[in-house]
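Naming convention: chains lettered A, B, ... in sequence-line order (proteins, then strands); numbering from 1 in each chain.
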2 protein chains.
Amino acid sequence: MAIQRTAPITSCAACPAGRAAGVTSGGRCPFVDRRRRRDELVCLQGEPAATVWMIKRGTVVLSRTAADGTDRPHQLRGPGSFVGLEAVVQGTYADTARATEPSVLCGISRLDLDRWLGPAGSPSRMVLEQTLRATVDEPVRPAGVDGPAVQRVARWLLDELERAPRVQRRVLAALLGMTPETLSRALARLGETGAIEHGRQRLAIVDRARLEQMVA
Amino acid sequence: MAIQRTAPITSCAACPAGRAAGVTSGGRCPFVDRRRRRDELVCLQGEPAATVWMIKRGTVVLSRTAADGTDRPHQLRGPGSFVGLEAVVQGTYADTARATEPSVLCGISRLDLDRWLGPAGSPSRMVLEQTLRATVDEPVRPAGVDGPAVQRVARWLLDELERAPRVQRRVLAALLGMTPETLSRALARLGETGAIEHGRQRLAIVDRARLEQMVA
DNA sequence: CGCCCTGTTGACAAAGGTCAACTAGCGTGG
DNA sequence: CCACGCTAGTTGACCTTTGTCAACAGGGCG
């Protein structure tokens, strides 16, 4: 499952969008490739939602500005996920999205997507729209707050590190719903046990079994 | 927006599902009404996902069993939302769902839904399925942990109380990502300021303006 | 070479979790 | 109909965890 989520989509024939567009039987996919460098912007919260993307390769971090004006990362998206899909039900982007590593996204204009999705009142579109509406209305849920910081960090490392091996500490801390200081301390403890290696730049699992003990 | 979410769906002509099924032009909706009493089960995590529901009236609380075996409520769903939609992409229910008040749900069997949604490879279905897959994979995010307990409670009361006026304290506490004790203390403080009235049974906003001050 | 940014470490304070005792409300059974 | 006992909720005392503030350090870049 975790592997599935990480696996890049390398061809249109292997891409859900490509297949739905019928590229395997001579169709043409309405999505076009766009590349993003590390930390490059994909879309900006509040801007008119002109384009919707599907991630083919890489990872994108979604963030939303909180009440105090700060921008809080709250979710990571990988290959197969859409970015900006809320365009189907509302006019502006709900989140700011940024690539965490060199990424390939397939973009489609809102209007083209609208056309491509088929008639507005169809059952599958209705279900999609209701689902999107529900998630857009739902307040942002910062992070999985469950158990002490060390465990949360360990779990994230096990589940998600390969998706985003080079996230900034401040971003990771926000994703985990803690401060950079607390994250730093948690990493230090995990390092002491020999489960991971971490320099300022590096962050790697060296003893997966030991790390798994920490989450139990 | 908050009002929208609370408004019950009183007729098939006003129901997204009914409209998609074309009841306004003589069509027949494949969903059928089912009632649930307060606290009655809708579906059980891990069971084969035989039926999918759309909420027409009332509120449903979703919960998932945590690593330690306890069952943790994590989300509230209201009219227009689906329950058990993960059936489209996986065989078992991801969450346990329970009505928090007398509710009306429209149910459809998984197979009928599959048929009703139209051809499996269509664009809108693909987008729906990818969206569902992403949310199913995503770990549960307990609650909006943002600011001190009193503020979180105040915000919830303002935004959601009308959706679920009679939730149990333990459930509400879990939704807010805190213990029942902390919730109780927060309610006590809000009561002292005169913003709300709360007995063991009752929970009501008496001074909305004052409550809004508390979240700022 | 030095500056700047990001991350790390330390000391302290405060919020919230935990454990325990207590109470209100409700259903049950005599 | 009343007493009893159960469960959910409340309140208090204490303690752990995490956030906050501040000082410091490594690495990259001008």
side-chain contact (heavy atoms from CB on, under 4.5 Å) involving Asp112(A) - partner list, sequence neighbours excluded: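 Expected list: Ile108(A), Ser109(A), Arg115(A).
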Pairing residues for Arg185(B) by the side-chain contact (heavy atoms from CB on, under 4.5 Å) criterion, not counting sequence neighbours: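 With neighbours one apart ignored, the set is Glu181(B).
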Could you give the [atom1]-to-[atom2] distance, from [X] to [N], as a whole number of Å?
{"X": "Arg166(A)", "N": "dT6(C)", "atom1": "CZ", "atom2": "P", "value": "15 Å"}
{"X": "Asp39(A)", "N": "dC5(C)", "atom1": "CG", "atom2": "P", "value": "16 Å"}
{"X": "Arg202(A)", "N": "dG7(C)", "atom1": "CZ", "atom2": "P", "value": "15 Å"}
{"X": "Leu187(A)", "N": "dG7(C)", "atom1": "CG", "atom2": "C1'", "value": "10 Å"}

Contact list please: residues 192-200 of chain B against DNA chain C, heavy atoms, distance less than 4.0 Å, in numerical order.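 Residues of residues 192-200 of chain B that come under 4.0 Å of DNA chain C are, in numerical order, Arg200(B).
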Axis deviation across the helix from dC1(C)-dG30(D) to dG30(C)-dC1(D), five-pair ends, to the nearest 10°: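 Angle reported: 30°, given to the nearest ten degrees.
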Donor-acceptor contacts, no H, no angles, side chain residues 204-216 of chain A, under 3.5 Å, sequence neighbours left out:
from	atom 1	to	atom 2	distance (Å)
Asp207(A)	OD1	Ala209(A)	N	3.4
Asp207(A)	OD1	Arg210(A)	N	3.1
Asp207(A)	OD2	Arg210(A)	NE	3.0
Arg208(A)	NH2	Leu158(A)	O	3.0
Arg210(A)	NE	Thr193(A)	O	3.3
Arg210(A)	NH1	Thr193(A)	O	3.3

Is it the case that the ring center of Trp116(B) lies less than 6.0 angstrom away from the ring center of Phe31(B)?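 Yes, ring centres under 6.0 Å apart.
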Going by atom types only, do Asp71(B) and Thr65(B) share a side-chain donor-acceptor pair under 3.5 Å?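 No donor-acceptor contact under 3.5 Å links the two side chains.
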Please name all residues satisfying ring-ring contact (aromatic ring centres under 6.0 Å, His included) with Phe82(B), sequence neighbours left out, ordered by chain then number.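 Partners of Phe82(B) under the ring-ring contact (aromatic ring centres under 6.0 Å, His included) test: none.
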For Trp156(A), check ring-ring contact (aromatic ring centres under 6.0 Å, His included) against everything at least two apart and list the hits.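 Per chain and number, Trp156(A) pairs via ring-ring contact (aromatic ring centres under 6.0 Å, His included) with no residue.
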Sequence neighbours excluded, every pair satisfying salt bridge (Lys or Arg N to Asp or Glu O under 4.0 Å) that has a member inside residues 34-47 of chain A: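 For residues 34-47 of chain A: none.
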Would you list the pairs meeting salt bridge (Lys or Arg N to Asp or Glu O under 4.0 Å) in which at least one residue belongs to residues 48-61 of chain B, sequence neighbours left out?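 Only Asp33(B)-Lys56(B) qualify under salt bridge (Lys or Arg N to Asp or Glu O under 4.0 Å).
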Which is the 5'-most and which the 3'-most nucleotide of DNA chain D that has an atom under 4.0 Å from a heavy atom of chain A?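 Under 4.0 Å from chain A, the extent on DNA chain D is dT18(D) to dG27(D).
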Taking only Lys NZ, Arg NE, NH1 and NH2, and the carboxylate oxygens of Asp or Glu, determine whether Glu192(B) and Arg189(B) approach each other closer than 4.0 Å.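 Looking at Arg189(B) together with Glu192(B), the answer is no, because their closest N to O distance does not fall below 4.0 Å.
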Under 4.0 Å protein heavy-atom contacts per nucleotide of nucleotides 10-20 of chain C, with B for base, S for backbone only and - for none: BB----SSBB-
Contacts of Thr96(A) that satisfy side-chain hydrogen bond (donor to acceptor under 3.5 Å, both in side chains) - sequence neighbours left out: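 Once residues adjacent in sequence are excluded, Thr96(A) has no partner under the side-chain hydrogen bond (donor to acceptor under 3.5 Å, both in side chains) criterion.
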Is the number of heavy atoms from other residues, nucleotides or ligands under 6.0 Å of Arg110(A) CZ greater than 12?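 More than 12 heavy atoms, drawn from other residues, nucleotides or ligands, come within 6.0 Å of this atom.
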Quick check: do Leu187(A) and Ile196(A) have side-chain heavy atoms less than 4.5 Å from each other?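 In short, these two side chains touch, coming nearer than 4.5 Å.
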